[in-house]
Student: 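Shown below is the structure under consideration.
Any value given below was found using the heavy atoms of this structure, including those in side chains, with hydrogens, waters and symmetry copies removed. Residue numbers start from 1 in every chain, and the chains themselves are labelled A, B, ... in the order their sequence lines are given, proteins ahead of strands.
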There are 2 protein chains.
Amino acid sequence: MTEKATPSPEAIKAWARLMRVSRQLVESVEDALKEGGLPPLAWYDVLHELAEAGEGGLRPFQLIERTLFAQYNISRLLARLEADGLVEKLPVADDGRGQTIRITAKGRETRRRMWTVYGRSIAELVGGKLSADELKMMSTLLGRLRDPPVLD
Amino acid sequence: MTEKATPSPEAIKAWARLMRVSRQLVESVEDALKEGGLPPLAWYDVLHELAEAGEGGLRPFQLIERTLFAQYNISRLLARLEADGLVEKLPVADDGRGQTIRITAKGRETRRRMWTVYGRSIAELVGGKLSADELKMMSTLLGRLRDPPVLD
DNA sequence: TGCATATAGATGCAATTGCATCTACCGTCA
DNA sequence: TGACGGTAGATGCAATTGCATCTATATGCA
């Protein structure tokens, strides 16, 4: 087999940078959001998916697939979002176990306000550091690390 | 000013992939460690830094700089590591407030066992997906996103 | 020296996460 | 139909994180 138990120095270095950079970037964004009195990044992820989904909403298990959050995590996050009036839970007709989550107007508004901060952070932290071509290269390389890999 | 409030599509895409991939990779490694009955990744980070530092050890604030963990996080993580006998806390001569943290033999052993799992994950998840040149490219690009940027 | 301010690290308490499990409903197949 | 395994989501409890603050020592400076 070609699988190696010991990673190459190049792999270790790329890994280490990936870990460090992603942590640093997440922290920067979280700080910026807090600074603006806004909810944490996790809320954005969910609101974003729900906004994209539109009026039809999404089932919690679909949110899990899209966001990679754990099931219990989504369950509680949705409870918090609902308590804040940012989403609403609707019963779903053909499956008595489930529910559909729909973003509310207030939820869209919160998402919009978060994006002004989040988007600016992305522009500064990433957009401002690499050219468009470099960003594309980066996306391509990262896509190959995804599971399943994205081959574009 | 050249700073933009709205990120380019390329920046957004690179960001999204970075977020998703890093989460996915961390989760894979955490799962592998758990599977092996080993402590979480955070322990490795600290043990690694301490092992590199050698007999002289490191002050907690140096660990904070190196690992990016929050101060209270390091404080408690070190308490757990000490409780497990993986590190020892020594008073420091010229600063009565501080202490020096040194890895123990048991700590080195734990780190070694973690590395067999961690290293294999890196080899599979990263080393196995990109060529050496691609890994170098990736490191270079990520280095530019670091703060402070690494220009190599 | 003596006070103000800064730094190193710990900690009480609230919020969140992780784990395991639970409830409720669904689908299948005898 | 009805027993059974599977899926959707919630939840009790322990561990961890985040926040704010606290203690203790160090440092700068009048």
Student: Please determine if Glu55(A) and Arg108(A) form a salt bridge, counting it only when a charged side-chain N lies under 4.0 Å from a carboxylate O.
Tutor: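 Between Arg108(A) and Glu55(A) there is a salt bridge, with a charged N closer than 4.0 Å to a carboxylate O.
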
Student: Sequence neighbours excluded and cut-off under 3.5 Å, please list the side-chain donor-acceptor pairs for residues 132-143 of chain A, or say none.
Tutor:
unit_1, atom_1, unit_2, atom_2, d
Glu134(A), OE1, Ser131(A), N, 2.8
Glu134(A), OE1, Ser131(A), OG, 3.3
Glu134(A), OE1, Arg144(B), NH2, 3.2
Glu134(A), OE2, Arg144(B), NH1, 3.0
Ser139(A), OG, Leu135(A), O, 3.1
Ser139(A), OG, Ala14(B), N, 3.3
Thr140(A), OG1, Lys136(A), O, 3.0

Student: Reading DNA chain C from 5' onward, which residue's closest nucleotide shows up sooner: Gln71(A) or Trp43(A)?
Tutor: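 Final value for this comparison: Trp43(A).
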
Student: Both Asn73(B) and Ser75(A) contact DNA chain D. Taking the nearest nucleotide for each, which residue is further toward the 5' end?
Tutor: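 By nearest-heavy-atom nucleotide position, the 5'-most residue is Ser75(A).
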
Student: Please list every donor-acceptor pair under 3.5 Å in which a side-chain atom of residues 27-42 of chain A meets a protein atom from a residue at least two apart or in another chain.
Tutor:
unit_1, atom_1, unit_2, atom_2, d
Ser28(A), OG, Gln24(A), O, 3.1
Glu30(A), OE1, Leu41(A), N, 3.2

Student: Salt bridge check: are Arg20(B) and Asp45(A) linked by an N-O gap of less than 4.0 Å?
Tutor: no

Student: When you match Thr100(A) and Lys34(A) each to their closest nucleotide on DNA chain D, which lands nearer the 5' end?
Tutor: Thr100(A)

Student: How would you give the extent of chain B contacts on DNA chain D, as first and last nucleotide 5' to 3' within a 4.0 Å heavy-atom cut-off?
Tutor: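 Counting from the 5' end, contacts occupy dT16(D) to dA26(D).
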
Student: Under 30°, 30 to 60°, or over 60°: which ring-plane class applies to Tyr44(B) and His48(B), parallel, tilted or perpendicular?
Tutor: parallel

Student: Only distances under 3.5 Å count here; give the side-chain donor-acceptor pairs of residues 60-87 of chain B to other protein atoms, sequence neighbours excluded, each with its distance to 0.1 Å.
Tutor:
unit_1, atom_1, unit_2, atom_2, d
Gln62(B), OE1, Arg59(B), N, 2.8
Thr67(B), OG1, Leu63(B), O, 2.7
Thr67(B), OG1, Phe69(B), N, 3.3

Student: Is it true that Lys13(B) and Glu10(B) have a side-chain N and a carboxylate O under 4.0 angstrom from each other?
Tutor: no

Student: Would you call Ile101(A) and Glu88(A) a side-chain contact if the rule is heavy atoms closer than 4.5 Å?
Tutor: no

Student: Flag the pair Lys106(A) and Glu109(A) as a salt bridge only when some basic side-chain nitrogen lies within less than 4.0 angstrom of an acidic carboxylate oxygen.
Tutor: no

Student: Measuring only between side-chain heavy atoms, which start at C-beta, is Leu18(A) closer than 4.5 Å to Val21(B)?
Tutor: yes

Student: Of all of residues 57-69 of chain B, which get a heavy atom below 4.0 angstrom from DNA chain C, listed by number?
Tutor: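 Only Arg59(B), Pro60(B), Phe61(B) qualify.
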
Student: If you take any heavy atom closer than 4.0 Å to DNA chain C, which residues from residues 77-99 of chain A end up in contact?
Tutor: Arg80(A), Asp95(A), Gly96(A), Arg97(A)

